[in-house]
There are 2 protein chains.
Amino acid sequence: MKEGPSIAQIASLAGDPARANMLAALISGKALTASELANEAGVTLQTASSHLGKLEAGGLIAGVKQGRHRYFRLSGGDVAEMLESMMGVAARAGHLRTRTGPSDPLIRKARVCYDHLAGEMGVRLFESLTAAGNLAARDGEVRLTRRGESFTAEFGIDLAALASQRRPLCKTCLDWSMRRHHLAGSLGAALLERLYALKWAARDKHGRAVIFSRSGEAKFAKLLAR
Amino acid sequence: MKEGPSIAQIASLAGDPARANMLAALISGKALTASELANEAGVTLQTASSHLGKLEAGGLIAGVKQGRHRYFRLSGGDVAEMLESMMGVAARAGHLRTRTGPSDPLIRKARVCYDHLAGEMGVRLFESLTAAGNLAARDGEVRLTRRGESFTAEFGIDLAALASQRRPLCKTCLDWSMRRHHLAGSLGAALLERLYALKWAARDKHGRAVIFSRSGEAKFAKLLAR
DNA sequence: CGAATACTTCGATTACCATCGAAGTATGAA
DNA sequence: TTCATACTTCGATGGTAATCGAAGTATTCG
(Lines give C-alpha, C1' and ligand atoms only; values in the text may rest on other atoms or scores of the structure.)
Protein backbone atom coordinates (compact mmCIF):
# COMPACT_ATOMS: atom_id res chain seq x y z
CA MET A 1 0.00 0.00 0.00
CA LYS A 2 1.28 3.42 -0.85
CA GLU A 3 1.65 5.58 2.18
CA GLY A 4 2.46 8.78 0.37
CA PRO A 5 -1.14 9.82 -0.34
CA SER A 6 -2.11 9.44 3.32
CA ILE A 7 0.86 11.47 4.43
CA ALA A 8 0.05 14.14 1.85
CA GLN A 9 -3.57 14.42 2.94
CA ILE A 10 -2.67 14.94 6.57
CA ALA A 11 0.37 17.09 5.94
CA SER A 12 -1.37 19.38 3.45
CA LEU A 13 -4.01 20.15 6.07
CA ALA A 14 -1.30 21.47 8.34
CA GLY A 15 0.68 22.98 5.50
CA ASP A 16 -1.29 26.16 5.04
CA PRO A 17 -0.06 29.00 7.30
CA ALA A 18 -3.54 29.93 8.47
CA ARG A 19 -4.47 26.37 9.36
CA ALA A 20 -1.11 25.78 10.99
CA ASN A 21 -1.63 28.82 13.20
CA MET A 22 -4.98 27.45 14.27
CA LEU A 23 -3.55 24.05 15.04
CA ALA A 24 -0.71 25.62 16.99
CA ALA A 25 -3.21 27.60 19.01
CA LEU A 26 -5.09 24.41 19.79
CA ILE A 27 -2.02 22.52 21.00
CA SER A 28 -2.66 24.00 24.40
CA GLY A 29 -5.68 21.75 24.68
CA LYS A 30 -8.04 24.65 25.16
CA ALA A 31 -11.19 24.73 23.06
CA LEU A 32 -11.32 27.89 20.99
CA THR A 33 -14.15 29.51 19.06
CA ALA A 34 -14.13 30.14 15.34
CA SER A 35 -13.63 33.84 15.94
CA GLU A 36 -10.71 33.27 18.25
CA LEU A 37 -9.11 30.95 15.74
CA ALA A 38 -9.67 33.50 12.97
CA ASN A 39 -7.72 35.94 15.13
CA GLU A 40 -4.95 33.47 15.79
CA ALA A 41 -4.71 32.77 12.09
CA GLY A 42 -4.88 36.40 11.01
CA VAL A 43 -7.64 35.81 8.48
CA THR A 44 -11.29 36.86 8.17
CA LEU A 45 -14.10 34.80 9.62
CA GLN A 46 -15.05 33.54 6.16
CA THR A 47 -11.57 32.28 5.49
CA ALA A 48 -11.34 30.79 8.95
CA SER A 49 -14.68 29.06 8.48
CA SER A 50 -13.46 27.47 5.28
CA HIS A 51 -10.24 26.28 6.88
CA LEU A 52 -12.00 24.90 9.95
CA GLY A 53 -14.27 22.95 7.67
CA LYS A 54 -11.28 21.34 6.04
CA LEU A 55 -9.51 20.55 9.30
CA GLU A 56 -12.68 19.02 10.69
CA ALA A 57 -13.43 17.00 7.57
CA GLY A 58 -9.83 15.84 7.62
CA GLY A 59 -10.16 14.64 11.19
CA LEU A 60 -7.52 16.84 12.81
CA ILE A 61 -9.99 18.84 14.89
CA ALA A 62 -13.43 18.30 16.32
CA GLY A 63 -16.05 21.02 16.62
CA VAL A 64 -19.02 21.38 18.89
CA LYS A 65 -21.80 23.95 18.82
CA GLN A 66 -22.80 25.85 21.93
CA GLY A 67 -25.48 28.38 21.18
CA ARG A 68 -24.21 30.55 18.42
CA HIS A 69 -20.61 29.69 19.21
CA ARG A 70 -18.66 26.91 17.57
CA TYR A 71 -15.85 25.53 19.72
CA PHE A 72 -12.98 23.56 18.26
CA ARG A 73 -10.30 21.40 19.73
CA LEU A 74 -7.72 18.92 18.46
CA SER A 75 -9.35 15.58 17.79
CA GLY A 76 -6.77 13.68 19.80
CA GLY A 77 -3.43 13.72 21.51
CA ASP A 78 -1.91 12.07 18.47
CA VAL A 79 -2.48 15.26 16.51
CA ALA A 80 -0.66 17.23 19.20
CA GLU A 81 2.19 14.75 19.08
CA MET A 82 2.37 15.01 15.32
CA LEU A 83 2.52 18.81 15.54
CA GLU A 84 5.17 18.55 18.25
CA SER A 85 7.20 16.27 16.01
CA MET A 86 6.93 18.79 13.20
CA MET A 87 8.24 21.46 15.50
CA GLY A 88 11.08 19.16 16.45
CA VAL A 89 12.01 18.73 12.82
CA ALA A 90 11.65 22.47 12.22
CA ALA A 91 13.95 23.21 15.14
CA ARG A 92 16.60 20.82 13.90
CA ALA A 93 16.31 21.93 10.30
CA GLY A 94 16.68 25.57 11.25
CA HIS A 95 13.11 26.64 10.60
CA LEU A 96 12.00 27.34 14.10
CA ARG A 97 12.60 30.95 14.87
CA THR A 98 13.96 30.13 18.28
CA ARG A 99 15.76 33.42 18.54
CA THR A 100 12.67 35.51 18.25
CA GLY A 101 10.08 36.30 20.91
CA PRO A 102 10.53 36.47 24.66
CA SER A 103 8.42 33.47 25.43
CA ASP A 104 10.74 30.87 24.01
CA PRO A 105 12.56 30.22 27.26
CA LEU A 106 9.15 30.17 28.90
CA ILE A 107 7.91 27.63 26.37
CA ARG A 108 10.95 25.46 26.91
CA LYS A 109 10.56 25.72 30.64
CA ALA A 110 6.91 24.79 30.97
CA ARG A 111 4.13 24.52 28.45
CA VAL A 112 0.96 22.66 27.78
CA CYS A 113 1.19 19.77 25.39
CA TYR A 114 -2.44 19.09 24.56
CA ASP A 115 -3.54 18.52 28.15
CA HIS A 116 -0.42 17.78 30.13
CA LEU A 117 2.74 19.52 31.25
CA ALA A 118 5.67 19.59 28.84
CA GLY A 119 9.02 21.33 28.86
CA GLU A 120 11.69 21.20 31.53
CA MET A 121 9.16 21.10 34.31
CA GLY A 122 7.22 18.35 32.60
CA VAL A 123 10.29 16.25 32.09
CA ARG A 124 11.40 16.95 35.64
CA LEU A 125 8.01 15.87 36.97
CA PHE A 126 8.14 12.64 35.05
CA GLU A 127 11.72 11.80 35.96
CA SER A 128 11.25 12.63 39.63
CA LEU A 129 8.09 10.55 39.91
CA THR A 130 9.89 7.63 38.34
CA ALA A 131 13.06 8.00 40.40
CA ALA A 132 10.98 8.07 43.58
CA GLY A 133 9.20 4.87 42.61
CA ASN A 134 5.85 6.50 42.01
CA LEU A 135 5.90 5.54 38.36
CA ALA A 136 7.42 2.44 36.83
CA ALA A 137 8.64 2.70 33.28
CA ARG A 138 9.11 -0.49 31.36
CA ASP A 139 9.15 -1.34 27.68
CA GLY A 140 8.59 2.28 26.97
CA GLU A 141 5.29 1.91 28.81
CA VAL A 142 4.75 3.59 32.11
CA ARG A 143 2.44 2.70 34.97
CA LEU A 144 1.53 4.05 38.37
CA THR A 145 2.94 2.02 41.26
CA ARG A 146 1.29 1.35 44.61
CA ARG A 147 3.48 3.99 46.09
CA GLY A 148 2.44 6.31 43.33
CA GLU A 149 -1.22 5.74 44.06
CA SER A 150 -0.70 6.97 47.61
CA PHE A 151 1.42 9.83 46.46
CA THR A 152 -1.06 11.07 43.89
CA ALA A 153 -4.03 10.59 46.22
CA GLU A 154 -2.21 12.68 48.83
CA PHE A 155 -1.62 15.30 46.21
CA GLY A 156 -5.36 15.49 45.62
CA ILE A 157 -5.83 13.41 42.49
CA ASP A 158 -9.03 11.37 42.25
CA LEU A 159 -7.67 8.16 40.79
CA ALA A 160 -11.06 6.47 40.69
CA ALA A 161 -12.34 9.20 38.41
CA LEU A 162 -9.32 8.84 36.17
CA ALA A 163 -9.65 5.08 36.02
CA SER A 164 -13.11 5.40 34.55
CA GLN A 165 -11.83 7.37 31.60
CA ARG A 166 -11.37 5.56 28.31
CA ARG A 167 -7.76 6.50 27.89
CA PRO A 168 -4.48 5.33 29.37
CA LEU A 169 -3.77 6.57 32.86
CA CYS A 170 -0.10 6.95 32.08
CA LYS A 171 1.64 7.37 28.76
CA THR A 172 4.95 8.87 27.73
CA CYS A 173 5.17 11.72 25.29
CA LEU A 174 8.40 12.81 23.65
CA ASP A 175 9.32 16.38 24.47
CA TRP A 176 10.93 17.98 21.42
CA SER A 177 12.50 20.78 23.35
CA MET A 178 14.13 18.50 25.92
CA ARG A 179 14.39 15.41 23.75
CA ARG A 180 13.27 13.36 26.72
CA HIS A 181 9.86 12.18 27.81
CA HIS A 182 7.21 13.78 29.89
CA LEU A 183 4.01 12.28 31.30
CA ALA A 184 0.86 12.27 29.19
CA GLY A 185 -2.35 10.26 29.71
CA SER A 186 -5.18 11.07 32.07
CA LEU A 187 -2.81 11.24 35.06
CA GLY A 188 -0.61 13.71 33.23
CA ALA A 189 -3.63 15.85 32.52
CA ALA A 190 -4.91 15.59 36.10
CA LEU A 191 -1.56 16.58 37.56
CA LEU A 192 -1.50 19.72 35.46
CA GLU A 193 -5.06 20.59 36.44
CA ARG A 194 -4.04 20.14 40.06
CA LEU A 195 -1.13 22.54 39.64
CA TYR A 196 -3.59 25.09 38.31
CA ALA A 197 -6.08 24.42 41.11
CA LEU A 198 -3.39 24.89 43.75
CA LYS A 199 -2.35 28.07 41.98
CA TRP A 200 1.21 26.88 41.80
CA ALA A 201 1.01 27.46 38.04
CA ALA A 202 -1.26 29.19 35.57
CA ARG A 203 -1.50 29.03 31.86
CA ASP A 204 -0.21 32.01 29.99
CA LYS A 205 -3.02 34.17 28.67
CA HIS A 206 -1.74 34.43 25.16
CA GLY A 207 0.35 31.40 24.44
CA ARG A 208 0.72 27.94 25.72
CA ALA A 209 3.42 28.58 28.25
CA VAL A 210 2.65 27.48 31.78
CA ILE A 211 3.76 30.10 34.29
CA PHE A 212 4.83 28.91 37.70
CA SER A 213 4.60 31.38 40.53
CA ARG A 214 7.66 31.81 42.69
CA SER A 215 6.07 29.99 45.58
CA GLY A 216 4.49 27.46 43.29
CA GLU A 217 7.84 26.56 41.86
CA ALA A 218 9.27 26.10 45.35
CA LYS A 219 6.35 23.89 46.36
CA PHE A 220 6.68 21.93 43.16
CA ALA A 221 10.37 21.32 43.86
CA LYS A 222 9.52 20.28 47.41
CA LEU A 223 6.85 17.91 46.19
CA LEU A 224 9.28 16.25 43.82
CA ALA A 225 11.86 15.89 46.55
CA ARG A 226 9.63 13.54 48.53
CA MET B 1 6.84 32.93 19.45
CA LYS B 2 4.31 31.76 16.93
CA GLU B 3 4.75 28.14 16.10
CA GLY B 4 2.30 28.04 13.22
CA PRO B 5 4.68 29.25 10.53
CA SER B 6 7.26 26.60 11.43
CA ILE B 7 4.66 23.89 11.35
CA ALA B 8 3.38 25.16 8.00
CA GLN B 9 6.84 25.19 6.44
CA ILE B 10 7.57 21.63 7.39
CA ALA B 11 4.08 20.32 6.76
CA SER B 12 3.73 21.95 3.37
CA LEU B 13 6.90 20.19 2.24
CA ALA B 14 5.25 16.86 2.96
CA GLY B 15 1.84 18.04 1.80
CA ASP B 16 2.34 17.64 -1.93
CA PRO B 17 1.45 14.13 -3.18
CA ALA B 18 4.62 13.76 -5.20
CA ARG B 19 6.89 14.83 -2.38
CA ALA B 20 4.97 12.70 0.10
CA ASN B 21 5.47 9.67 -2.11
CA MET B 22 9.19 10.35 -2.16
CA LEU B 23 9.37 10.75 1.58
CA ALA B 24 7.38 7.56 2.06
CA ALA B 25 9.79 5.73 -0.19
CA LEU B 26 12.68 7.02 1.89
CA ILE B 27 11.23 5.88 5.20
CA SER B 28 12.85 2.54 4.59
CA GLY B 29 16.18 4.19 5.20
CA LYS B 30 17.51 3.24 1.80
CA ALA B 31 19.17 5.92 -0.26
CA LEU B 32 17.39 6.35 -3.57
CA THR B 33 18.40 8.11 -6.75
CA ALA B 34 16.53 10.99 -8.30
CA SER B 35 15.24 8.73 -11.07
CA GLU B 36 14.01 6.14 -8.60
CA LEU B 37 12.25 8.81 -6.61
CA ALA B 38 10.69 10.23 -9.76
CA ASN B 39 9.28 6.75 -10.37
CA GLU B 40 8.02 6.45 -6.84
CA ALA B 41 6.35 9.82 -7.12
CA GLY B 42 4.89 9.22 -10.56
CA VAL B 43 6.26 12.43 -12.03
CA THR B 44 8.84 13.34 -14.66
CA LEU B 45 12.49 13.81 -13.82
CA GLN B 46 12.13 17.59 -14.13
CA THR B 47 9.31 17.69 -11.66
CA ALA B 48 11.12 15.32 -9.34
CA SER B 49 14.23 17.44 -9.51
CA SER B 50 12.29 20.50 -8.50
CA HIS B 51 10.66 18.71 -5.59
CA LEU B 52 13.92 17.20 -4.38
CA GLY B 53 15.41 20.66 -4.37
CA LYS B 54 12.65 21.86 -2.11
CA LEU B 55 12.88 18.93 0.26
CA GLU B 56 16.62 19.35 0.50
CA ALA B 57 16.44 23.10 1.02
CA GLY B 58 13.79 22.48 3.66
CA GLY B 59 16.02 20.08 5.52
CA LEU B 60 13.91 16.96 5.28
CA ILE B 61 16.29 15.06 3.03
CA ALA B 62 19.99 15.10 2.31
CA GLY B 63 21.49 14.44 -1.10
CA VAL B 64 24.90 13.25 -2.15
CA LYS B 65 26.40 13.04 -5.62
CA GLN B 66 28.07 9.89 -6.86
CA GLY B 67 29.19 10.25 -10.44
CA ARG B 68 26.17 11.23 -12.45
CA HIS B 69 23.83 9.82 -9.83
CA ARG B 70 22.30 11.87 -7.03
CA TYR B 71 21.35 9.79 -3.99
CA PHE B 72 18.88 11.03 -1.41
CA ARG B 73 17.94 9.91 2.08
CA LEU B 74 15.98 11.32 4.97
CA SER B 75 18.04 13.83 6.89
CA GLY B 76 17.35 12.17 10.23
CA GLY B 77 15.33 9.72 12.19
CA ASP B 78 13.19 12.55 13.45
CA VAL B 79 11.81 13.00 9.94
CA ALA B 80 10.91 9.31 9.83
CA GLU B 81 9.20 9.64 13.18
CA MET B 82 7.27 12.67 12.02
CA LEU B 83 6.10 10.77 8.94
CA GLU B 84 5.18 7.78 11.09
CA SER B 85 3.14 10.07 13.33
CA MET B 86 1.35 11.44 10.29
CA MET B 87 0.47 7.92 9.26
CA GLY B 88 -0.78 7.28 12.75
CA VAL B 89 -3.08 10.27 12.54
CA ALA B 90 -4.16 9.24 9.04
CA ALA B 91 -5.00 5.75 10.25
CA ARG B 92 -7.09 7.06 13.13
CA ALA B 93 -8.78 9.70 11.06
CA GLY B 94 -9.76 7.21 8.40
CA HIS B 95 -7.38 8.38 5.69
CA LEU B 96 -5.06 5.44 5.57
CA ARG B 97 -6.31 3.08 2.96
CA THR B 98 -5.73 0.09 5.14
CA ARG B 99 -8.15 -2.04 3.17
CA THR B 100 -6.24 -1.82 -0.07
CA GLY B 101 -3.10 -3.65 -1.09
CA PRO B 102 -1.88 -7.02 0.06
CA SER B 103 1.12 -5.71 1.92
CA ASP B 104 -0.72 -4.06 4.77
CA PRO B 105 -0.59 -7.08 7.05
CA LEU B 106 3.04 -7.44 6.00
CA ILE B 107 3.69 -3.82 6.90
CA ARG B 108 2.03 -4.25 10.25
CA LYS B 109 3.98 -7.41 10.89
CA ALA B 110 7.47 -6.19 10.10
CA ARG B 111 8.74 -3.10 8.40
CA VAL B 112 11.66 -0.77 8.35
CA CYS B 113 11.28 2.45 10.26
CA TYR B 114 14.15 4.53 8.93
CA ASP B 115 16.86 2.05 9.90
CA HIS B 116 15.36 -0.23 12.51
CA LEU B 117 12.70 -2.88 12.78
CA ALA B 118 9.13 -1.75 13.37
CA GLY B 119 5.79 -3.53 13.43
CA GLU B 120 4.80 -6.55 15.49
CA MET B 121 8.22 -8.09 15.17
CA GLY B 122 9.91 -4.86 16.16
CA VAL B 123 7.72 -4.43 19.20
CA ARG B 124 8.21 -8.06 20.09
CA LEU B 125 11.97 -7.72 19.80
CA PHE B 126 11.97 -4.72 22.08
CA GLU B 127 9.64 -6.19 24.67
CA SER B 128 11.44 -9.52 24.78
CA LEU B 129 14.84 -7.90 25.18
CA THR B 130 13.51 -5.83 28.04
CA ALA B 131 11.68 -8.69 29.73
CA ALA B 132 14.84 -10.80 29.62
CA GLY B 133 16.85 -8.04 31.24
CA ASN B 134 18.92 -7.24 28.16
CA LEU B 135 17.52 -3.73 28.01
CA ALA B 136 16.47 -1.56 30.89
CA ALA B 137 13.76 0.98 30.22
CA ARG B 138 13.45 3.86 32.61
CA ASP B 139 11.98 7.33 32.35
CA GLY B 140 11.05 6.52 28.82
CA GLU B 141 14.77 6.12 28.16
CA VAL B 142 16.22 2.75 27.40
CA ARG B 143 19.72 1.42 27.88
CA LEU B 144 21.61 -1.80 27.28
CA THR B 145 22.36 -3.78 30.42
CA ARG B 146 25.47 -5.83 31.15
CA ARG B 147 23.52 -8.92 30.32
CA GLY B 148 22.43 -7.25 27.13
CA GLU B 149 25.99 -6.52 26.16
CA SER B 150 26.80 -10.24 26.34
CA PHE B 151 23.63 -11.13 24.54
CA THR B 152 24.17 -8.75 21.65
CA ALA B 153 27.86 -9.65 21.35
CA GLU B 154 26.89 -13.31 21.13
CA PHE B 155 24.42 -12.41 18.45
CA GLY B 156 27.22 -10.86 16.43
CA ILE B 157 26.82 -7.17 17.13
CA ASP B 158 30.00 -5.11 17.32
CA LEU B 159 29.18 -2.87 20.26
CA ALA B 160 32.48 -1.03 20.12
CA ALA B 161 31.71 0.09 16.60
CA LEU B 162 28.26 1.23 17.66
CA ALA B 163 29.63 3.10 20.65
CA SER B 164 31.74 5.24 18.39
CA GLN B 165 28.72 6.49 16.51
CA ARG B 166 27.42 9.94 17.35
CA ARG B 167 23.90 8.81 18.10
CA PRO B 168 22.19 7.07 20.97
CA LEU B 169 22.82 3.36 21.22
CA CYS B 170 19.26 2.73 22.37
CA LYS B 171 16.18 4.83 21.89
CA THR B 172 12.48 4.07 21.83
CA CYS B 173 10.33 4.84 18.85
CA LEU B 174 6.56 4.79 18.94
CA ASP B 175 5.09 2.26 16.56
CA TRP B 176 1.90 3.67 15.10
CA SER B 177 0.58 0.33 13.97
CA MET B 178 1.06 -1.34 17.35
CA ARG B 179 0.78 1.78 19.50
CA ARG B 180 3.69 0.49 21.53
CA HIS B 181 7.40 1.10 21.29
CA HIS B 182 10.08 -0.56 19.30
CA LEU B 183 13.85 -0.14 19.49
CA ALA B 184 15.54 2.60 17.49
CA GLY B 185 19.06 3.98 17.89
CA SER B 186 22.25 2.49 16.56
CA LEU B 187 21.57 -0.82 18.31
CA GLY B 188 18.15 -1.02 16.70
CA ALA B 189 19.74 -0.43 13.32
CA ALA B 190 22.50 -2.98 13.93
CA LEU B 191 20.04 -5.65 15.03
CA LEU B 192 18.09 -5.26 11.81
CA GLU B 193 21.28 -5.40 9.73
CA ARG B 194 22.19 -8.59 11.57
CA LEU B 195 18.83 -10.16 10.74
CA TYR B 196 19.51 -9.39 7.09
CA ALA B 197 23.07 -10.74 7.32
CA LEU B 198 21.87 -14.00 8.87
CA LYS B 199 19.22 -14.18 6.16
CA TRP B 200 16.52 -14.57 8.73
CA ALA B 201 14.81 -11.60 7.10
CA ALA B 202 15.07 -9.56 3.93
CA ARG B 203 13.64 -6.26 2.95
CA ASP B 204 10.80 -6.37 0.48
CA LYS B 205 11.90 -5.35 -2.99
CA HIS B 206 9.18 -2.86 -3.61
CA GLY B 207 8.03 -1.58 -0.28
CA ARG B 208 9.33 -1.26 3.18
CA ALA B 209 8.01 -4.48 4.58
CA VAL B 210 10.59 -6.77 6.12
CA ILE B 211 10.00 -10.36 5.07
CA PHE B 212 11.00 -13.06 7.51
CA SER B 213 11.75 -16.46 6.10
CA ARG B 214 10.03 -19.41 7.71
CA SER B 215 13.23 -20.61 9.33
CA GLY B 216 14.27 -17.08 10.13
CA GLU B 217 11.08 -16.48 12.03
CA ALA B 218 11.61 -19.67 14.03
CA LYS B 219 15.17 -18.68 14.84
CA PHE B 220 14.05 -15.20 15.78
CA ALA B 221 11.47 -16.64 18.17
CA LYS B 222 14.09 -18.93 19.65
CA LEU B 223 16.51 -16.05 20.08
CA LEU B 224 13.90 -14.03 21.95
CA ALA B 225 13.09 -16.98 24.20
CA ARG B 226 16.59 -16.95 25.71
C1' DC C 1 36.27 11.52 -28.96
C1' DG C 2 31.46 10.69 -29.61
C1' DA C 3 27.32 8.67 -27.82
C1' DA C 4 24.47 7.51 -24.01
C1' DT C 5 22.70 8.36 -19.49
C1' DA C 6 21.47 11.03 -15.24
C1' DC C 7 20.03 15.06 -13.86
C1' DT C 8 19.26 20.29 -13.92
C1' DT C 9 17.41 24.53 -15.64
C1' DC C 10 14.27 27.38 -18.36
C1' DG C 11 9.95 28.96 -19.59
C1' DA C 12 5.12 28.41 -20.68
C1' DT C 13 0.73 26.59 -19.25
C1' DT C 14 -2.83 25.20 -16.34
C1' DA C 15 -5.19 24.15 -12.32
C1' DC C 16 -6.07 24.87 -7.75
C1' DC C 17 -6.76 27.19 -3.63
C1' DA C 18 -6.81 31.09 -0.38
C1' DT C 19 -8.79 35.29 -0.02
C1' DC C 20 -12.73 38.45 1.17
C1' DG C 21 -17.11 41.31 0.09
C1' DA C 22 -21.76 40.40 0.14
C1' DA C 23 -25.56 37.91 1.54
C1' DG C 24 -27.74 34.47 4.38
C1' DT C 25 -28.79 31.55 8.63
C1' DA C 26 -28.96 30.53 13.52
C1' DT C 27 -28.88 31.97 18.18
C1' DG C 28 -29.21 35.09 22.07
C1' DA C 29 -30.40 39.46 24.27
C1' DA C 30 -33.19 43.45 25.00
C1' DT D 1 -40.58 41.00 17.96
C1' DT D 2 -36.53 43.33 16.68
C1' DC D 3 -31.75 43.90 16.82
C1' DA D 4 -27.12 42.23 17.55
C1' DT D 5 -23.76 38.71 17.25
C1' DA D 6 -21.51 34.40 15.61
C1' DC D 7 -20.82 31.92 11.91
C1' DT D 8 -21.75 29.92 7.11
C1' DT D 9 -22.24 30.07 2.19
C1' DC D 10 -21.70 32.10 -2.38
C1' DG D 11 -19.13 33.80 -6.01
C1' DA D 12 -15.43 36.44 -8.00
C1' DT D 13 -10.52 37.37 -8.10
C1' DG D 14 -5.72 36.82 -7.91
C1' DG D 15 -1.67 34.41 -6.83
C1' DT D 16 1.03 30.39 -6.48
C1' DA D 17 2.88 26.21 -7.56
C1' DA D 18 2.99 21.80 -10.05
C1' DT D 19 3.51 20.19 -14.43
C1' DC D 20 6.35 18.95 -18.59
C1' DG D 21 8.64 19.88 -23.34
C1' DA D 22 12.84 21.61 -24.71
C1' DA D 23 17.46 22.60 -23.99
C1' DG D 24 21.64 22.36 -21.31
C1' DT D 25 25.34 20.30 -18.15
C1' DA D 26 27.99 16.60 -16.04
C1' DT D 27 29.51 11.94 -15.99
C1' DT D 28 30.34 7.38 -17.80
C1' DC D 29 31.05 4.00 -21.38
C1' DG D 30 32.53 2.11 -25.76
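Sequence lines set the chain letters: A, B, ... in the order given, protein chains first and strands last, and positions in each chain run from 1.
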Out of C/dC20, D/dT8, D/dA18, which has the shortest distance to the side chain of A/L45?
D/dT8

Please give, in whole Å, the distance from D/dT9 C1' to A/L52 CG?
14 Å

Tell me the interatomic distance from A/Q46, atom CD, to C/dA18, atom P, rounded to whole angstroms.
15 Å

Pick the closest DNA chain C nucleotide for B/S50 and for A/T44 by heavy atoms, then say which residue is nearer the 5' end.
B/S50

B/K54 NZ to C/dT9 P, straight-line distance once rounded to whole Å
13 Å

If you measure from the Lys or Arg side-chain nitrogens to the Asp or Glu carboxylate oxygens, is any gap between A/R208 and A/E84 under 4.0 Å?
yes

Using whole Å, report how far NZ of B/K65 lies from C1' of D/dT28.
12 Å

Do you see a donor-acceptor pair shorter than 3.5 Å between the side chains of A/S50 and A/T47?
no

Check whether any side-chain nitrogen or oxygen of A/T47 sits under 4.0 Å from OP1 or OP2 of C/dC20, and answer yes or no.
yes

Output the rounded distance in Å from CG (B/N39) to C1' (C/dA6).
13 Å

Hey, are the side chains of A/L60 and A/L23 touching, using non-hydrogen atoms and a 4.5 Å cut-off?
yes

Output the rounded distance in Å from CG (A/N21) to P (C/dA18).
14 Å

N/O (side chain, A/R70) to phosphate O (OP1/OP2, D/dT8) under 4.0 Å
yes

Does C/dT19 have its OP1 or OP2 closer than 4.0 Å to a side-chain nitrogen or oxygen of A/H51?
yes

Write down the distance between OH (B/Y71) and P (D/dT27), rounded to a whole number of angstrom.
15 Å

OP1, OP2 of D/dC7 versus side-chain N and O of A/H69: anything below 4.0 Å?
yes

Do the side chains of A/N21 and B/E3 get nearer than 4.5 Å, heavy atoms only?
no

A/R68 side-chain N/O to C/dT25 phosphate OP1/OP2 under 4.0 Å:
no

Within the structure provided, determine whether A/D78 and B/R92 are in side-chain contact (heavy-atom separation under 4.5 Å).
yes

Measure from CG on A/L13 to C1' on C/dC17 and round the result to the nearest Å.
13 Å

